[in-house]
Number of protein chains: 2
Amino acid sequence: MKTIEEFLESKNIRVTAMRLLIYKFLAEKQVAVTLSDIENAFEKADRTTLYRTIKTFEEKEIVHQIDDGTGITKYALCEKGCNCEIETDLHLHFHCNNCNETICLTEHKIPQIKVPDGFVSENVNLVVKGICDKCSGQ
Amino acid sequence: MKTIEEFLESKNIRVTAMRLLIYKFLAEKQVAVTLSDIENAFEKADRTTLYRTIKTFEEKEIVHQIDDGTGITKYALCEKGCNCEIETDLHLHFHCNNCNETICLTEHKIPQIKVPDGFVSENVNLVVKGICDKCSGQ
DNA sequence: ACAATAAATGCACTTCCATTGCATTGGTTA
DNA sequence: TAACCAATGCAATGGAAGTGCATTTATTGT
């Protein structure tokens with residue numbers, strides 16, 4: 001079990017207080033978060049720093065971006081089973097129309113999609129919308 | 001073969017010069033277009049009019065919205081086989097990373113997606129990214 | 001045909017998110 | 001300790017989406 005510091009270093013990300021905090025914040029969350037979510041959680045920090053931190057995490061492939069159709073980009077830590085680098089191996093995302101949260105269904109792989117002749121599929125983005133387990137369980 | 005005027009009227013859309021032009025523009029295009037695309041095509045018209053025309057078309061279900069992950073909403077005419085009202089019967093969209101165009105693969109239905117227990121799927125958005133037929137055929 | 005009414009259009013403005021330039025701070029290394 | 005580079009903070013910009021209101025255009029009833 002690596003420490004977060006060691007993990008970040010192994011990904012060539014310089015360890016700073018801010019980055020540790022943001023990483024922990026993402027790790028605690030079970031859902032994908034927006035920049036504003038992070039902003040609200042760290043009111044003392046500057047928007048830009050949070051923005052660039054997330055971008056750094058994205059480049060170093062420890063965070064992936066999710067476009068769930070709400071128009072606002074969301075982010076989530078890549079977890080075991082999330083091979084974002086391997087574009088053909090993307091999992092799907094679920095967006096709850098009730099609580100408005102978006103979660104990664106890491107274990108649910110996207111089925112092979114057939115495209116017409118001449119088309120080359122490099123990457124698939126699949127967002128299922130509906131009611132999540134918490135909201136439907138009421 | 002109905003005229004466009006008759007078609008619009010049958011959908012309870014009042015026929016105006018602007019709407020006819022925009023409809024024709026969409027019909028000519030084989031790809032999904034952004035608001036800016038329309039704006040560029042009709043520089044004399046006001047942005048708001050174009051915006052609201054598209055929204056009207058959307059409400060009356062002759063146009064559907066596509067979120068292809070570029071962050072910019074695109075629109076396309078609903079064609080034969082496009083039953084946008086029936087949410088479970090959505091076709092998929094293909095976004096070309098080369099020419100940056102998004103096209104509707106109307107005949108390609110989205111496969112049934114399994115979601116975990118407790119989750120209720122209401123709607124599925126699937127965008128495949130890659131290289132389109134025109135670009136790969138070089 | 002004309003007045004009354006309703007819808008469509010145009011203009012101005014606002015909001016929200018994403019992004020960038022530049023100055024400053026802070027940590028690393030020679 | 002000086003020099004350097006990365007990280008942070010501040011300010012500002014840009015683009016797209018959306019809204020309020022005045023004006024024009026079309027429709028309806030008399």
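In what follows, chains carry the letters A, B, and so on, assigned in the order in which the sequence lines appear, proteins first and then strands, with residues in each chain numbered from 1.
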| task | Using side chain to side chain contact (heavy atoms under 4.5 Å, CB included) as the criterion, point out the one residue from A/T49, A/T56, A/L50 that pairs with A/T53. | result |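 Among A/T49, A/T56, A/L50, the one meeting side chain to side chain contact (heavy atoms under 4.5 Å, CB included) with A/T53 is A/T49.
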
| task | Please indicate whether A/K55 has more than 12 foreign heavy atoms, meaning atoms of other residues, nucleotides or ligands, lying under 6.0 Å from its NZ. | result |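 For A/K55, atom NZ is crowded (more than 12 foreign heavy atoms under 6.0 Å).
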
Atom [atom1] of [X] and atom [atom2] of [N]: how far apart are they, to the nearest Å?
| X | N | atom1 | atom2 | value |
| --- | --- | --- | --- | --- |
| A/R14 | C/dT25 | CZ | P | 18 Å |
| A/R47 | C/dT20 | CZ | C1' | 13 Å |
| B/F42 | C/dA8 | CZ | P | 18 Å |
| B/L50 | D/dA16 | CG | P | 14 Å |
| B/D46 | C/dA12 | CG | C1' | 10 Å |
| B/Q65 | D/dA17 | CD | P | 9 Å |
| A/I66 | C/dC17 | CD1 | P | 17 Å |
| B/Y75 | D/dA17 | OH | C1' | 8 Å |

Would the distance check show the side chain of [X] and the main-chain N or O of [Y] forming a donor-acceptor pair, the cut-off being under 3.5 Å?
| X | Y | result |
| --- | --- | --- |
| A/K129 | A/D68 | yes |
| B/S136 | A/G118 | yes |
| B/T34 | B/D37 | yes |

| field | Strand contacts (DNA chain C) in residues 20-38 of chain B, 4.0 angstrom heavy-atom criterion | value |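 Heavy-atom contacts with DNA chain C come from no residue of residues 20-38 of chain B; none.
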
| task | Fit a plane to each ring of B/Y23 and B/F57, take the angle between them on a 0 to 90° scale, and name the class: parallel (under 30°), tilted (30 to 60°) or perpendicular (over 60°). | result |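 Perpendicular.
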
| query | A/T48 side chain N/O closer than 4.0 Å to the phosphate oxygens (OP1, OP2) of D/dG9? | reply |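 Checking D/dG9 against A/T48, no side-chain N or O comes under 4.0 Å of OP1 or OP2.
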
| task | Output yes when at least one side-chain N/O atom of B/T49 is less than 4.0 Å from OP1 or OP2 of C/dA8, else no. | result |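 Answer no for this pair, as no side-chain N or O of B/T49 is under 4.0 Å from OP1 or OP2.
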
| request: Check A/N12 against A/K60 and note the closest heavy-atom contact, atom names and distance. | output: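 Reported closest heavy-atom pair: O-CE, 3.5 Å.
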
Over all strands shown, is [X] touching base, sugar-phosphate only, or nothing at heavy-atom distances under 4.0 angstrom?
| X | result |
| --- | --- |
| A/K55 | sugar-phosphate |
| A/T16 | sugar-phosphate |
| B/R19 | sugar-phosphate |

| message | Any donor-acceptor pair, under 3.5 Å, between the side chain of B/R52 and the base of D/dG20, if you only look at N and O atoms? | response |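 Check passes, donor-acceptor contact within cut-off.
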
| task | Look at the side chain of B/Y51 and decide which nucleotide, out of D/dG18, D/dA16, D/dA6, has an atom nearest to it. | result |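 Looking only at heavy atoms from C-beta outward on B/Y51, the closest nucleotide is D/dG18.
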
| From D/dT8, D/dA17, C/dC17, pick the nucleotide closest to the side chain of B/T73? |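 Among the listed nucleotides, the one closest to the side chain of B/T73 is D/dA17.
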
